[in-house]
Protein chains: 2
Amino acid sequence: MTTEDRVIASMRRMIVEGALAPGEKLTVAALATRLATGVTPVRAALKTLEAEGLVEAHPNRGAWVRRLAPDDIRNIYRLRRAVIRLLIPDVIRYISDAELEELDLLEAGFEAAVVQDASAAMAANEDFHIHLFSIARNRDAAAVMSRSWALVEALRLRLGFGPGRLARSVESHRALLVAIRRRDAAAATALAVASSDQAMEDLLHRAGEDKAGSRTALALRHAP
Amino acid sequence: MTTEDRVIASMRRMIVEGALAPGEKLTVAALATRLATGVTPVRAALKTLEAEGLVEAHPNRGAWVRRLAPDDIRNIYRLRRAVIRLLIPDVIRYISDAELEELDLLEAGFEAAVVQDASAAMAANEDFHIHLFSIARNRDAAAVMSRSWALVEALRLRLGFGPGRLARSVESHRALLVAIRRRDAAAATALAVASSDQAMEDLLHRAGEDKAGSRTALALRHAP
DNA sequence: GTTACCCTGATTCTATCAAATATGCTCGCT
DNA sequence: AGCGAGCATATTTGATAGAATCAGGGTAAC
């Protein structure tokens with residue numbers, strides 16, 4: 001693992017956890033000092049995070065932690081839904097028995113993590129989905145899902161982690177795996193879309209609540 | 001315009017025109033020399049081109065011009081179709097009379113460029129589509145379209161520029177504008193999708209022809 | 001034939017510095 | 001007081017040198 005990867009991971013975590021607040025200016029020199037590294041990996045990391053939508057950059061002006069309005073959340077989830085609709089039928093089309101077993105393994109890992117540690121659970125959840133989408137053999141579409149993952153999970157971690165959220169994820173995964181095993185493309189797609197929509201609704205609901213008055217440090221505010 | 005932008009534009013052009021061949025190794029130092037600049041803008045440009053799918057990079061190994069197989073073309077167009085289906089109805093929902101006029105202007109510019117210079121026509125075509133998609137107010141989805149634009153146009157320039165191709169683009173634009181003006185979301189979406197599918201078919205057809213024996217320097221080969 | 005080792009080229013990273021750019025402020029003018 | 005021109009400063013962007021790290025190929029020993 002390279003320094004750049006570490007910087008990306010650190011910055012993602014800091015943004016997700018609020019150590020870097022939405023709208024905060026990100027100066028390369030300050031970040032390099034803070035992360036005890038040079039400026040080169042920081043510059044590269046900012047590019048990656050910009051592509052992921054966590055950071056907003058303007059030429060000759062600098063970079064900021066992206067502020068996300070509720071409409072942005074809706075739009076991101078609608079983009080993901082469109083790509084899910086594209087990918088899941090191809091997953092069914094191409095999946096082999098070996099890959100299905102691999103998915104079962106990843107799901108087992110996820111369920112094991114769920115009962116222990118939320119951050120491990122999220123990592124396992126990401127592994128599960130990245131691998132799932134990779135089966136569709138559409139690298140560019142899978143890249144869209146991977147790129148927006150950090151953004152979505154950032155939101156979910158800050159807003160959508162109500163009690164039972166992870167348990168419902170487990171339910172969704174299991175139902176999806178059943179449909180995939182049956183090679184039922186329509187059912188699998190519907191399940192995946194429903195699961196994504198449910199996550200979106202959770203987020204929007206919490207975002208709405210928050211806007212209504214909570215003082216939690218929040219990723220959700222309308223752009224100035 | 002910054003040096004980084006110039007490097008990105010130059011490298012895009014070189015890849016599109018074949019000065020940088022598919023599969024070719026891209027070493028930062030060599031590119032910096034060739035483009036008479038430092039390594040800093042080159043490194044940044046490679047990140048951008050990687051996000052666009054023109055370049056493939058592996059940690060600690062370096063970067064290469066991406067090789068594109070016919071399946072990749074199909075997949076990229078299917079991704080774009082999914083996002084078009086998402087965006088066009090929102091374009092209809094949000095478009096104002098002023099924006100419609102702006103689109104008319106851009107279309108006029110495109111048609112003026114068509115009769116003169118292919119490269120200007122492609123730039124104008126990009127302007128038209130970028131602006132069109134921006135109207136849907138879904139920044140992340142529009143970013144997917146923008147990012148894959150270079151890739152698609154790279155292919156089209158190398159493979160799909162048969163006689164009448166640009167004329168058919170003009171036809172498509174006009175029909176699309178009529179449907180948008182009528183606020184007919186279904187028709188507009190169908191037209192946009194059909195236009196994209198048509199471009200894809202053109203490309204695949206030419207790619208197939210080429211694979212069958214032509215000696216043209218080609219972007220299309222199966223990965224090793 | 002296989003394994004271990006080294007060597008080479010390239011990438012990656014650090015550490016600076018110079019140049020270009022944006023922004024805010026002061027100062028003078030109306 | 002209000003306002004704009006010009007300057008000062010901070011930051012980004014670009015350039016450069018050199019160390020550290022890594023991948024891959026070749027060689028030699030086993």
Side-chain angles (χ1 to χ4, degrees), chain A residues 1-15 19-67 143 146-147 150 223-224, chain B residues 1-15 19-67 143 146-147 150 223-224:
Chain A
M1 187 189 264
T2 105
T3 306
E4 180 181 331
D5 293 329
R6 274 192 299 275
V7 171
I8 292 172
S10 299
M11 289 191 61
R12 263 205 283 254
R13 195 167 36 74
M14 287 196 287
I15 291 175
L20 297 172
E24 184 172 342
K25 180 74 190 297
L26 298 172
T27 68
V28 172
L31 284 170
T33 307
R34 188 163 175 182
L35 299 172
T37 180
V39 298
T40 313
V42 174
R43 286 189 199 183
L46 282 176
K47 283 250 162 209
T48 299
L49 296 170
E50 192 190 355
E52 287 180 357
L54 285 170
V55 161
E56 196 166 344
H58 303 281
N60 283 318
R61 302 268 323 283
W64 289 263
V65 179
R66 182 176 176 190
R67 292 174 190 268
S146 296
R147 268 201 286 262
Chain B
M1 186 188 265
T2 138
T3 307
E4 180 182 330
D5 293 329
R6 275 192 297 276
V7 171
I8 292 172
S10 300
M11 288 191 61
R12 265 205 282 254
R13 196 167 35 73
M14 288 197 285
I15 292 175
L20 297 171
E24 185 172 341
K25 180 75 188 295
L26 298 172
T27 69
V28 173
L31 285 169
T33 307
R34 188 162 173 183
L35 299 173
T37 181
V39 297
T40 315
V42 174
R43 287 163 67 93
L46 282 175
K47 281 253 161 206
T48 299
L49 296 170
E50 191 190 354
E52 286 181 357
L54 285 171
V55 161
E56 197 167 343
H58 303 281
N60 284 319
R61 302 268 323 283
W64 289 262
V65 179
R66 182 176 176 190
R67 293 175 188 269
S146 297
R147 268 201 285 263

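First the proteins, then the strands, lettered A, B, ... as listed; each starts at 1.
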Quiz item: A:Arg43 side-chain donor-acceptor pair to D:dG14 base, under 3.5 Å: yes
Under the 3.5 angstrom rule, does the side chain of B:Glu24 hit a backbone N or O of B:Ala21 as a donor-acceptor pair? yes
On a plain distance test, is the side chain of B:Thr27 in donor-acceptor contact with the base of C:dA10 below 3.5 Å? no
Reading nucleotides 19-24 of chain C from 5' to 3' and marking B where a protein heavy atom lies under 4.0 Å of the base, S where only the sugar-phosphate is that close, and - otherwise, the string is --SSS-
For the pair made of CD in A:Glu24 and P in D:dT11, what is the distance, rounded to whole Å? 13 Å
May I have the distance from A:Arg6 (atom CZ) to C:dT12 (atom P), rounded to whole angstrom? 14 Å
For B:Ala29, does its backbone N or O pair with a side-chain atom of B:Thr33 as donor and acceptor, under 3.5 Å? yes
Minimum heavy-atom distance B:Val65-B:Pro22, with the two atoms named: CG1-CA, 3.7 Å
Nearest-Å distance, CD (A:Glu4) to C1' (D:dC22)? 15 Å
When rounded to whole Å, the NE2 to C1' distance for the pair B:His58 and D:dG24 reads 15 Å
Could you report the tightest heavy-atom contact between B:Pro59 and A:Thr2, atom names first, then the distance? CB-CG2, 4.3 Å
Given DNA chain C, 5'-ward residue of the pair A:Val39 and A:Ala44, judged by closest heavy atom: A:Ala44
B:Leu46 near the nucleic acid: base, sugar-phosphate alone, or nothing, with a heavy-atom cut-off under 4.0 Å? nothing
What closest approach, in Å, do A:Met11 and A:Leu31 show between heavy atoms, and which atom pair accounts for it? CE-CD1, 3.7 Å
Between A:Ala45 and A:Val7, which heavy-atom pair has the shortest distance, and what is it? CB-CG1, 3.5 Å
Over all strands shown, is B:Thr40 touching base, sugar-phosphate only, or nothing at heavy-atom distances under 4.0 angstrom? base
Which residue lies toward the 5' end of DNA chain D, B:Asp5 or A:Lys25, if each is placed at its nearest nucleotide? A:Lys25
Test B:Glu52 against every option in B:Arg12, B:Arg147, B:Arg66 by the side-chain hydrogen bond (donor to acceptor under 3.5 Å, both in side chains) rule and name the one that passes. B:Arg12
If you compare every side-chain N and O of A:Thr2 against the phosphate oxygens of C:dC13 (OP1, OP2), does one of them come in below 4.0 Å? yes
Have a look at A:Val28 and say if it touches a base, only the backbone sugar-phosphate, or nothing, with a 4.0 Å heavy-atom cut-off. sugar-phosphate
